[in-house]
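Okay, so here's the structure we're looking at.
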Amino acid sequence: MRADCVGLATGDRSWTAAPCDLGALEAGRPRWVLWSASSTPLLPLRPRRVWDLAAVHKVLYGGRRDDPVAVWAAAHELPVPAHHAGGLMLLDAALSPLEGYLVPVRVDGSLHPDAAELADPVRWAELALVVQARQEAALRQLPDPRADPGGPPLRVVTAWAESAAALLCAELEADGLPIDVREANRLVEAVIGNGDRAVRDAPVVQLLRGDDVDLRNPSSVRDALLRLGIDVPDTRSWRLEAYRQAHPLVDALLTWRKAERVATTYGFGWLEQNVRGGRLRGDWSAADGGAGRMTATAGLHSLPAELRPAVAAEPGHLLVRADLGQVEPRVLAAVSGDRGFALAAAEDDLYTPVAATLGVDRPTAKIAVLAAMYGQTSGAAGQALKQMEQTYPTALAFLRAAEEAGRVGNDVRTHGGRLVRVGTGGVGRFTRNAVVQGAAAELFKAWAAVVRNGLGDGQIVLCLHDELLLHVPAEQAQAAVALLHGALERTAGHWARGSGVRFVADVAVVHRWSDAKG
DNA sequence: TCGGTCACGTA
DNA sequence: CGTACGTGACCGAG
């Protein structure tokens, strides 16, 4: 790893006296410019302010590529060369943007695939600054969608937050999630026994009474069910749920499935492979999904609830868990600019005023809101959806516009400025959801960034779409609680400025992740 | 060995 | 209800 992967520090201009205090997202210097936090040996420094060219590139242009060649090309409005089109070194200093130096820029203006190795470290850093300036200029071209713009431009703050998230991902990979290994093994054993396949299969096999069925082959299972008079198009558990009473085999099968899932995906092998020194580690991406959510491997985003007691604070430490309440409908209220919906989203519980306005009970109101956001097509939500259209026309028009864009193959941009690209033959429901899910993801990351920089000796050890898990020295737990609330208020106050929407976090200090809130 | 399908954990 | 992920077992094709 080359130390010169780190660009030079730069200063942010013109809004140092911003009226809102964004904590970690504050303007100021130095701001470290990185080609990519995931390839930068910057970790021990834990810098506060970074600009991650790869992360910002993905905000501006979407897509999958975020290597320096692609980042450079997009910033210069050049076609992105095919991956690793290495070949001959065709360098032309005279045409390079830094005339007089040997820089790894080709005659066509593209960056050489081996630029990081070819370039003088100082030149390489200067190229990073060239890209940073161009990215920032591009971000400033984008209109600010907020009801009340103010402080640093929203899209520039998104760049800071997404950059911080990229760095946070590198830290999450290094730090890992604290695991009580003894408890983890105990919990796995409680679900799957000693792990012997034949033993696990036995209860179901017994009920089959000699019928030769491959439990791990869905079509074989379907045929077996048919022989018992149970005719189902597939054997998914939610479908079989209705047949639990029909035959003892169904119940046994569903129980077996649960154990099989743990045995194959979250069993002893999984612990062996991913837990080292009491920490569960996986690869983290700051914006891998189509809408820009964080992703993680090693099951970090899909830990079964039964295993969560194994996530535990280390001696002298406590966990602080915080999750955003009703974040997606609140995001919809903020980004659509629907005043009526925002009025509901000013309350602790958003669904209560929605129910009152629609003249329905709370569960119905919830279904109506979710159906509107996610484009539900079937079920009993139809009537409620019609009422939503009449009551919150601006929010619904916003969603319809996003869906229509996707349907005709147009890209959409989230509130914070992320481009969500639509493949050929666009999928409407995807974009309808992406403008909400993606916006929620960037609000979450901005919040996480502020929290990260406000922590003393603590660490963020898990990010779960709308939930943060902190591991802090016990005496700092109460300060962390205050930090989480304060950071959300400041972040949302800027991100949703002028919307009237309130964002709320449920925060609890616990020993184990599974411990009750309170 | 590969991609596709089914299935299922989470938000 | 829907959307988004990552993982694993199995299938059939090559």
Does atom CD of A/E489 have more than 12 heavy-atom neighbours, drawn from other residues, nucleotides or ligands, at distances under 6.0 Å? no
Expected string for nucleotides 4-11 of chain B under the B/S/- scheme (protein heavy atoms, under 4.0 Å, primed atoms plus P, OP1, OP2 as sugar-phosphate) is --SBBBSB
Between atom CD in A/E260 and atom P in C/dA9, what is the gap in whole Å? 8 Å
Can you tell me how far C1' of C/dA4 sits from OH of A/Y374, to the nearest Å? 10 Å
Decide, yes or no, whether a salt bridge links A/D180 with A/R512 under the criterion of side-chain N to carboxylate O below 4.0 Å. yes
More than 12 heavy atoms of other groups within 6.0 Å of A/R227 CZ: yes
Carboxylate-amine/guanidinium proximity below 4.0 Å for A/R429 and A/E404: no
Can you measure A/W270 atom CH2 to C/dG6 atom P for me and round it to whole angstrom units? 17 Å
Can you sort out the partners of A/K445 under side chain to side chain contact (heavy atoms under 4.5 Å, CB included), two or more places apart, ordered by chain and number? A/E162, A/A165, A/A287, A/M294, A/R418, A/A441
Using a heavy-atom cut-off of 4.0 Å across all strands, would you classify A/G282 as base, sugar-phosphate, or nothing? nothing
Any residue meeting salt bridge (Lys or Arg N to Asp or Glu O under 4.0 Å) with A/R239, in chain and number order, not counting sequence neighbours: A/D234
What residues, two or more places apart in sequence or in another chain, satisfy side-chain hydrogen bond (donor to acceptor under 3.5 Å, both in side chains) together with A/W270? none
Atom-to-atom span, CD of A/E442 to P of C/dA4 - whole angstrom: 17 Å
Measuring from the side chain of A/T265 (C-beta onward, heavy atoms only), which nucleotide among C/dG8, C/dG2, C/dC10 has the closest atom? C/dG8
Under 4.0 Å from any atom of DNA chain B, heavy atoms only: list the residues of residues 346-363 of chain A that qualify, in numerical order. none
Between A/R200 (CZ) and C/dA9 (P), how many Å, whole number? 10 Å
Tell me what A/A296 touches on the nucleic acid: a base, only sugar-phosphate, or nothing, going by heavy atoms under 4.0 Å. sugar-phosphate
Rounded to whole Å, please give me the gap between CG in A/L280 and P in C/dG6. 16 Å
Among C/dC5, C/dC11, C/dG2, which nucleotide has an atom closest to any side-chain atom of A/T295? C/dC5
Ring pair (Phe, Tyr, Trp, His ring centres under 6.0 Å) filter on A/Y243, not counting sequence neighbours, yields none
Under-4.0 Å salt bridge between A/R244 and A/D251: yes
What's the CZ-P distance between A/F444 and C/dC5, to the nearest Å? 17 Å
Interatomic distance where CZ belongs to A/F268 and C1' belongs to C/dG8 [whole Å]: 18 Å
